[in-house]
Amino acid sequence: MSSSTPLNRAADSLKRATSAFGGKIRNLRGSGGGAGQRPSSTGKPAGSAKPRKTGKLHPASVWSEAAGTAGEFLAPAWRKVRGVWLAFAWPVLSVVSLLGWVVLAAAIALWWAGQAWGWQEAKSAAMVAFLLFVLAIAFIVGRSAYGVVLDLARTRVAVGDDAVGSIAVSNVSTRPLLPAALELPVGSNTAVFHLPRMKPAQVHEDLFTIPTARRAVIVVGPVRSVRADPLHLLRRRVMWTEPVDLFVHPRTVSLGSSAAGFIRDLEGMPTTELSSADVSFHALRDYVPGDDRRHIHWKTTARTNKLMVRQFEETRRAHLAIALSINTDEYDSEPEFEMAISVAASIGRQAIREQRELDVLTQKGPLRCETGRNLLDDTTRIVGAPMRKTAVDLARTLSDTVPNASVVFFVVGSHVTATQLRSAAASVPPGVRSLAVRVQPGAAPSRANIADLTVLTVGDLDDLAIVLRKAAA
């Protein structure tokens, strides 16, 4: 017998468990007082101390080791049984509907009652129920040969846009097909399409529209055909396509190239740090051995009769960081929370269009910002929830995660107070411009300052470009 058989593996596991038990027992026995015991810290002789009780093996450890050994021994057999169940038993049992199981159970009970008490009526009813099952099998047997194509015109739409799709079904067999029904799961709902009697090579097409009233990732499909008897005792489903994800992106607005809040300096934003090589000229200084000779200012050198080199200010490219709070306790309603997501997505999308470096962070982690599609896909997956981390905690995390940001946006709800905004701004490193976009549906667009923090109030998504221009003024 090979050493890799289940029996040998079980024997090895039993040996390991037995040795572990023996080791535990020896340790517990050795923990009691012995002849060479040291004096206690209280100064009393060792002999005067009370003897320690010998530890006992806990029953839970015995059961744990036994369960582990049994599980390892039975795992191969369980996998085989599960494979046989999924391959043969489940496809047959799943055909019976809930009504079918009720009728079958009633038939068995009636037959038993008829046999026990001699009720011929009960036996007759049981035979009728069994006959209905036999007739129902005739409706679901056989093979359908469909060619099904599920086509969504667009797999990514914005809230309020039309999501249109089509199902094209063709008869790829050489014989006519009886009328049937197709089911198309759309999220938590199911759409039903009725197929007529189809001749060979005939194509039947149906169009459908998916509502996009709210932001979500909707799973469309798979398309499945359903064959059932008139009483729906048996239902046979066959999958024909793979599911498709429909992304309903949050609504965004175009901010335009003149939207303030973005750094539009082509050469970057100058800093107070000096450099020997950059694009922002600052002043001239004396030549020091090791300086690049390409930066020697020859006109000034000729006039002063000593080498002078150009000195520059270090510049940095615009790097935007957006902290979007998804703590629903900071928002007054769900529309307010959705507007905050739309604000963050609009600002991030504009930054990507202007080829700025971008980081978007929430309490659950960063979002992908490589492309506008990735950003909108991740914002679509956002799920808000009450949590302990507030906008202030998120601001501190942002300063640690994106230390090289040049502009920081805090997108928060109306329940965030001025004190919290001040604390969030305090975590921003010096020299970094910080703006807070406070979302409050119905409020007039406004601008205020809290120390170095610019607070912008947005009452409607269409007002975002206006308040950003005010921030740049």
Side-chain angles (χ1 to χ4, degrees), residues 255-323 347-361 366 369-372 395-410 421-437 447-456 465 467-473:
L255 303 181
S257 59
S258 61
F262 296 96
I263 302 175
R264 298 182 301 275
D265 189 355
L266 180 62
E267 298 177 349
M269 188 177 74
T271 66
T272 57
E273 300 177 4
L274 301 180
S275 173
S276 60
D278 216 308
V279 293
S280 181
F281 175 73
H282 175 65
L284 297 174
R285 63 171 176 82
D286 294 338
Y287 175 81
V288 177
D291 288 340
D292 193 343
R293 294 184 179 182
R294 292 177 300 176
H295 300 309
I296 296 177
H297 196 267
W298 294 107
K299 292 183 179 180
T300 305
T301 299
R303 187 172 62 252
T304 59
N305 201 23
K306 61 179 180 179
L307 290 175
M308 302 291 293
V309 295
R310 298 180 180 89
Q311 192 174 29
F312 301 88
E313 290 180 340
E314 285 189 354
T315 59
R316 57 186 177 187
R317 299 297 299 169
H319 188 160
L320 269 69
I322 301 175
I347 297 175
R349 192 177 183 185
Q350 183 67 29
I352 293 175
R353 285 177 179 174
E354 296 186 359
Q355 298 181 353
R356 308 291 186 184
E357 294 186 26
L358 176 66
D359 283 281
V360 181
L361 194 68
C369 303
E370 297 84 3
T371 62
R396 294 167 183 167
T397 304
L398 181 68
S399 61
D400 297 334
T401 306
V402 193
N404 57 341
S406 56
V407 177
V408 173
F409 282 91
F410 301 114
L421 292 176
R422 188 181 295 107
S423 300
S427 62
V428 178
V432 177
R433 187 177 183 186
S434 56
L435 303 95
V437 181
R447 169 189 173 180
N449 292 323
I450 301 177
D452 294 333
L453 177 67
T454 303
V455 181
L456 308 174
V467 296
L468 289 178
R469 292 190 187 98
K470 289 183 179 181

Inset, instruction - Decide side chain to side chain contact (heavy atoms under 4.5 Å, CB included) for Leu361 and Val402; before the verdict, give the C-alpha distance in whole Å, the side-chain angles of both, and the deciding distance to 0.1 Å. - result: CA-CA 9 Å; Leu361 194 68; Val402 193; 5.9 Å; no
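Considering all non-hydrogen atoms of both residues, Asp291 and Asp286 come closest at OD2-O, 4.3 Å. Between Cys369 and Leu358, the closest heavy-atom pair is CB-O, 3.8 Å. Of all heavy-atom pairs between Thr301 and Met308, the closest is OG1-N, 3.1 Å. The shortest non-hydrogen separation linking Leu255 to Arg469 is O-NH2, 4.0 Å. Of all the heavy atoms in Ile322 and Gly348, the pair that sits closest is CD1-N, 3.7 Å. Taking both residues in full, the closest heavy atoms of Val407 and Val432 are given as N-CG1, 4.1 Å, listed atom of the first, atom of the second, then distance.
The line from CG of Leu453 to CZ of Phe410 is 7.0 Å long, rounded to the nearest 0.5 Å. Once rounded to the nearest 0.5 Å, the distance linking CZ of Arg349 with OG1 of Thr371 reads 11.0 Å. Expressed to the nearest 0.5 Å, how far OG1 of Thr300 lies from CG of Leu307 amounts to 11.0 Å. For the atom pair Trp298 CH2 and Arg303 CZ, the distance stands at 14.5 Å (nearest 0.5 Å). Atom CD1 of Ile352 is separated from atom CD of Glu357 by 12.0 Å, given to the nearest 0.5 angstrom.
Side-chain contact between Val467 and Arg447 is absent, with no heavy-atom pair separated by less than 4.5 Å.
A distance-only check finds a donor-acceptor pair linking the side chain of Ser406 to the backbone of His319 [under 3.5 Å].
The only member of Leu435, Val360, Leu398 that meets side chain to side chain contact (heavy atoms under 4.5 Å, CB included) when paired with Phe409 is Leu435.
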